[in-house]
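Each remark here refers to the structure printed beneath this line.
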Amino acid sequence: MRIRKLGLAGLILILLLTGCGRPAQEASASAESDAAEETQQAAEEEEENGSGVEMTSWRESVQKMFEDPYGDYKETGGEIAFLTDGSVEDGGYNEAIYNGVRMYALGAGTSFSFYHADPDAPESYRETVQRAVEDHAGLIVCAGDVFGEAVGALQETYPQTSFLLVDAVPHDGEREELPISENVHCVLFHEEQAGYLAGYMAVWEGYRTLGFIGGREEPAVQRYGYGYLQGINAAAKDLSLTDVVVNYWYAGTYTADIAVREKADDWYGNGTQIIFACGGGLYESVLEAAENRDGLMIGVDVDQCRVSDRVLTSAVKNIGLAVTDALDEYYAAGGWSDEDAGQVKRYGVEEGCAAIPVVDTEWRFQEIPTTHFFEIYKQMKRGDRTVSDATDMPPEVAVLVNYE
């Protein structure tokens, strides 16, 4: 039996792919129960049809789906084409999007492929889009702001091809936003909310000298960083602290780099206790420095606690859920609906897509019970705590910030 609507896939993504979701164990338990019930029903239907497939749990069923038993993955020429300039097995951002694409495609019976652009060749982004179009992709999913210019230039050239831009809107070479064509839908996130929670909890835990190392100075990274500063500032205010300091720097890269390691090593060596590593694979360099200097790190996008015991927590956004949600709406409507065509949808706390991991992870805070996190989270969801998403300039904060 092939699942043509999101249903089970979406529930599994909530629980397995990012570690993010509604801030209550009972919510996850409810989702898991619903998923198990649906899987059991599917198994019974399979048995009635004489397939002989036995599914003892929904976790086993998702593993079977990832095994691609129907051969939906194609090296080229898939109906859904995922475009990235990084690895689809980076353990973070790109893998989260790819898992969302893969989960939906395998569950719905839609062919899919992925294509790589060369981050060192600016012309590669347009060329990669054109290659996917030439391979007859019906829907092209683009990862990150790096594809914003390419889609901006080509969206009207290929009106019969649909685009899903993740973390980007179409823009020109000067980064001026362009009108969004009807064949394009954009998914953005409230990264500032996740960054706020990570910064707030780190200060409440007892850390007073913190750092932020971002990748490129692009909107999603800026929102993470500026939210982080706002969370740090809010915790310092709530605790009446006057000794909190933050070092802040953009590395200009999303990859592991010696300059990143040296910067982190210098900060740790001069008293920085914890660094928010925000930008793809650069966390590897920060982690190396943390291990050398007995420091700690905050991960990004997905739960990175499993990477190392040096990771205190992660500022996560449920990318997989947002992607499958968009794909489900697209195929249910036979294309972008009036609500999605040429529009931007942003996911955050309200949608269960901005948090730090609590469910299905290791809680490494010693001074903060999960109940305190839930209270802060609920305050944000109710609107009692607000976080600015502005990126035109850094937020005004009372704590000392050293911008480098």
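The shortest side-chain heavy-atom distance between Val311 and Leu296 does not fall under the 4.5 Å cut-off. Under the 4.5 Å side-chain criterion, counting only non-hydrogen atoms from C-beta, Phe163 is not in contact with His185. Put simply, the side chain of Val300 does not reach to within 4.5 Å of the side chain of Tyr93, judged on heavy atoms. Between Lys317 and Tyr347, every side-chain heavy-atom pair lies at or beyond the 4.5 Å cut-off. Residues Trp336 and Val184 form no side-chain contact, since every pair of their non-hydrogen atoms from C-beta on lies 4.5 Å or further apart. Side-chain contact between Val358 and Tyr377: absent, with no pair of heavy atoms (C-beta onward) separated by less than 4.5 Å. Residues Leu164 and Cys142 have side chains not in contact (no heavy-atom distance under 4.5 Å, counting atoms from C-beta outward).
Remark: Thr370 OG1 to Ile356 CD1 distance equals 10.0 Å, nearest 0.5 Å. To the nearest 0.5 angstrom, Glu127 atom CD is 10.5 Å from Leu154 atom CG. Rounded to the nearest 0.5 Å, atoms CG (Asp118) and OG1 (Thr128) are 8.5 Å apart. Atoms CG and OG1, on Asn270 and Thr209 in that order, are 10.5 Å from each other to the nearest 0.5 Å. In this structure, Met297 CE and Asp309 CG are separated by 11.5 Å, a value rounded to the nearest 0.5 Å. To the nearest 0.5 Å, atoms OG1 (Thr386) and CE (Met380) are separated by 9.0 Å.
The closest side-chain donor-acceptor pair between Asp257 and Ser285, if any, does not fall under 3.5 angstrom. For the residue pair Glu79/Tyr331, the side-chain donor-acceptor check at 3.5 Å is satisfied. No side-chain donor-acceptor contact under 3.5 Å links Gln343 and Glu339. Between Tyr226 and Tyr224, the side chains place no donor N or O within less than 3.5 Å of an acceptor N or O (distance only, hydrogens not considered).
Qualifying side chain to side chain donor-acceptor pair (under 3.5 Å) partners for Ser162, counting only residues two or more places apart in sequence or in other chains: Tyr330. Applying the salt bridge (Lys or Arg N to Asp or Glu O under 4.0 Å) test to Asp294 and every residue at least two apart in sequence or in another chain returns Arg310. With sequence neighbours excluded, the residues satisfying salt bridge (Lys or Arg N to Asp or Glu O under 4.0 Å) with Glu404 are Lys263. For Asp340, the salt bridge (Lys or Arg N to Asp or Glu O under 4.0 Å) criterion is met by no residue, not counting sequence neighbours.
Heavy atoms of other residues, nucleotides or ligands lying less than 6.0 angstrom from NE2 of His136 number 12 at most. Sparse packing is recorded around CG of Asp338, with 12 or fewer heavy atoms of other residues, nucleotides or ligands lying under 6.0 Å away. The local environment of CD in Glu156 is sparse, with at most 12 non-hydrogen atoms from other residues, nucleotides or ligands closer than 6.0 Å. The number of heavy atoms from other shown groups lying within 6.0 Å of CD (Glu177) does not exceed 12.
Closest non-hydrogen pair, Ala355 versus Ala194, comes out as O-CB, 3.7 Å. Of all the heavy atoms in Val387 and Gly227, the pair that sits closest is CG1-CA, 4.2 Å. Nearest heavy-atom pair across Pro170 and Val151 is CG-CG1, 4.4 Å.
Here Arg382 pairs with Glu375 in a salt bridge; the nearest charged N to carboxylate O distance falls below 4.0 Å. With salt bridges taken as basic N to acidic carboxylate O contacts below 4.0 Å, none links Arg175 and Asp172. Between Arg346 and Asp389, at least one side-chain N (NZ, or NE/NH1/NH2) sits under 4.0 Å from a carboxylate O, which counts as a salt bridge. Between Arg261 and Asp266 no salt bridge is recorded (no basic side-chain N to carboxylate O distance below 4.0 Å).
A distance-only check finds a donor-acceptor pair linking the side chain of Ser388 to the backbone of Ala390 [under 3.5 Å]. Judged by distance alone, with hydrogens and angles left aside, the side-chain atoms of Thr255 form no donor-acceptor pair with the main-chain N or O of Gly281 at under 3.5 Å. Of the possible donor and acceptor atoms, none in the side chain of Glu75 sits under 3.5 Å from a partner among the backbone N and O of Ser113. Of the possible polar contacts, one joining the Asn183 side chain to the Tyr158 backbone as a donor-acceptor pair under 3.5 Å is found. No donor-acceptor pair closer than 3.5 Å links the side chain of Glu291 to the backbone N or O of Glu288. A donor-acceptor pair is defined here as one N or O able to donate and one able to accept, closer than 3.5 Å; such a pair exists between the side chain of Ser87 and the backbone of Glu89. Listed for the Thr324 side chain is a donor-acceptor partner under 3.5 Å among the backbone atoms of Gly320. When atom types are taken as modelled, the side chain of Asp135 and the backbone of Ala137 share no donor-acceptor pair closer than 3.5 angstrom. Distance alone, capped at 3.5 Å, is enough to place a donor-acceptor pair between the Arg364 side chain and the Cys305 backbone. Within the 3.5 Å criterion, the main-chain N or O of Gly342 finds no donor-acceptor partner in the side chain of Glu182.
Residue Phe147 is tested with Tyr115, Tyr125, Phe82 for a ring pair (Phe, Tyr, Trp, His ring centres under 6.0 Å); the sole match is Tyr125. A ring pair (Phe, Tyr, Trp, His ring centres under 6.0 Å) with Tyr228 is found for exactly one of Phe276, Tyr196, Tyr200, namely Phe276.
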Worksheet item: Going through the checks in order, is the side-chain contact (heavy atoms from CB on, under 4.5 Å) test met by Val187 and Asp167?
Response: CA-CA 6 Å; Val187 167; Asp167 279 324; over 6 Å; no
Worksheet item: Could you walk me through whether Ile319 and Asp301 pass the side-chain contact (heavy atoms from CB on, under 4.5 Å) check?
Response: CA-CA 8 Å; Ile319 307 170; Asp301 289 332; 4.2 Å; yes
Worksheet entry | Verdict with reasoning, Asp325 to Lys345, per salt bridge (Lys or Arg N to Asp or Glu O under 4.0 Å) | CA-CA 11 Å; Asp325 180 62; Lys345 184 173 182 179; 3.4 Å; yes
Discussion item. Working note: Tyr268 + Asn292, criterion side-chain hydrogen bond (donor to acceptor under 3.5 Å, both in side chains); need CA distance, chi angles, decisive distance, verdict.
Written reply: CA-CA 9 Å; Tyr268 284 128; Asn292 291 337; over 6 Å; no
Practice prompt. Step by step, work out the side-chain contact (heavy atoms from CB on, under 4.5 Å) result for Glu149 and Arg126.
Written response: CA-CA 8 Å; Glu149 183 182 349; Arg126 292 195 193 188; 3.9 Å; yes
Practice prompt. Let me see the working for Asn94 and Thr84 under side-chain hydrogen bond (donor to acceptor under 3.5 Å, both in side chains), right down to the final yes or no.
Written response: CA-CA 7 Å; Asn94 289 301; Thr84 176; 2.6 Å; yes
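Relative orientation of the Phe114 and Tyr98 rings is perpendicular, given thresholds of 30° and 60° on the angle between their planes. In this pair, Trp249 and Trp267 present their aromatic rings perpendicular. The plane angle is above 60°, beyond the 30 to 60° band.
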Below 3.5 Å, can you tabulate the donor-acceptor pairs from side chains in residues 395-403 to any protein atom, sequence neighbours excluded?
unit_1: Asn402; atom_1: ND2; unit_2: Asn247; atom_2: OD1; d: 3.1

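Among pairs with a residue in residues 212-223, those fulfilling salt bridge (charged side-chain N to carboxylate O under 4.0 Å, His left out) read Glu191-Arg223, at least two apart in sequence or across chains.
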